[in-house]
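A short worksheet on the structure shown next.
When reading the values below, keep in mind they use all heavy atoms of this one structure, side chains included, and skip hydrogens, waters and symmetry mates. Keep in mind the model is a prediction, meaning the values are calculated, not measured.
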Amino acid sequence: MAIAWVLVLVTAGLSLARAGPVPTSKPTTDWRGCDIGRFKSLSPRELEAFKKAKDALEYSLKNWSCNSRLFPRNRDLRQLQVWERPVALEAELALTLKVLETMADRSLGDILDQPLHTLRHIHSQLQACVSAQGTRALSVGSGHRGPHPAAPGPASHTTLLGPRVKAQPPAGPQPRGRLHLWLHRLHEASKKESQGCLEASVLFNLFRLLKKDLECVAVGDLCV
C-alpha cells in the first residue's frame, strides 16, 4: 500500500512539473530602474488640475496655424512595437514640457505649477525606463551580464532633451519606419513651426497623452 501511494505522489508531481507556471495578466514591462506602470491612471485631482490649466490656456491661443499636424488623429502607439512605445512617448512628453514651460513663463500665474510637476515626474521615470531598456539590450546583445557603456554613433539617440542611449530590443535595430517618422516629425516641428502652432498642438493633444498614450506604455504588451 505504501509503495502504491509513493507512485501516486510521484506521478502527480511529474504532472505538475510538465504543466509549467501559470501565466498571469501582468504586463511584461519589467524594466529595472523605472516605475512607469503606476502611471496607467492619474488621480482625479491631477486630471482636474490639467483640465483647469488646459481650459485657461486655450483662451490665450490667438492666430495660430500649422504647416503640418504634430499629432495626427490616426497616430496610435499600438501601431508600434512594445519596445518602441516608450521612445515615442518620451519625445512627445519632452515637446509637451518644453512648450508648457514656455507658456508658464508668460506670467500665467501658478495654474501650470501642478501639471508641470506631474509631467516632470512622469518624464523622469520614463527616461529611466528608456535608459534601462537600452542598457539591458546592449548587455544582452554583447553577451555581457554587467553594466555596459553606451557606444558612440548609431547606438545613441538624440531627443529634444539631448543625447541618450536609445531603447532597443536585443537585436539592436535603429528607429525605422513609423517610429522614425514620428520622432522626425516632432524634431522638425520644434524647429520650424510657430510657437502658436506648438502651443495649440500640445494643448489639444494633452489628454490623449495623459489617458491613452501614457496608459498604453504603462501596461506594456497588454496594450493591443
- Query: So, the side chain of Arg85 versus the backbone of Asp221: is there a donor-acceptor pair under 3.5 Å, distance only?
  - Reply: no
Any non-hydrogen side-chain atom of [X] less than 4.5 Å from a side-chain atom of [Y]?
X      : Y      : value
Val99  : Leu203 : no
Leu214 : Lys40  : no
Leu100 : Met103 : yes
Phe50  : Thr118 : yes

- Other residues, nucleotides, ligands: >12 heavy atoms within 6.0 Å of His121 NE2: yes
- Distance (rounded to the nearest 0.5 Å) between His184 NE2 and Leu179 CG: 13.0 Å
- Note on the structure: For Arg75, the side chain to side chain contact (heavy atoms under 4.5 Å, CB included) test, sequence neighbours excluded, returns Phe71, Pro72, Leu77, Glu92, Trp182, Asn205, Arg208, Asp213
- Task: Identify, with sequence neighbours excluded, every residue that meets side chain to side chain contact (heavy atoms under 4.5 Å, CB included) alongside Lys62.
- Result: none
- Leu70 and Ser201: which non-hydrogen atoms are nearest, and at how many Å? CD1-OG, 3.8 Å
- Message: Show me the pairs that pass side chain to side chain donor-acceptor pair (under 3.5 Å) and involve residues 41-54, at least two apart or across chains.
- Response: Ser43-Glu46, Lys51-Asp55, Lys54-Glu58
- Message: Out of the candidates Lys192, Glu193, Glu188, only one should pair with Ser68 under the side chain to side chain donor-acceptor pair (under 3.5 Å) rule; please name it.
- Response: Glu193
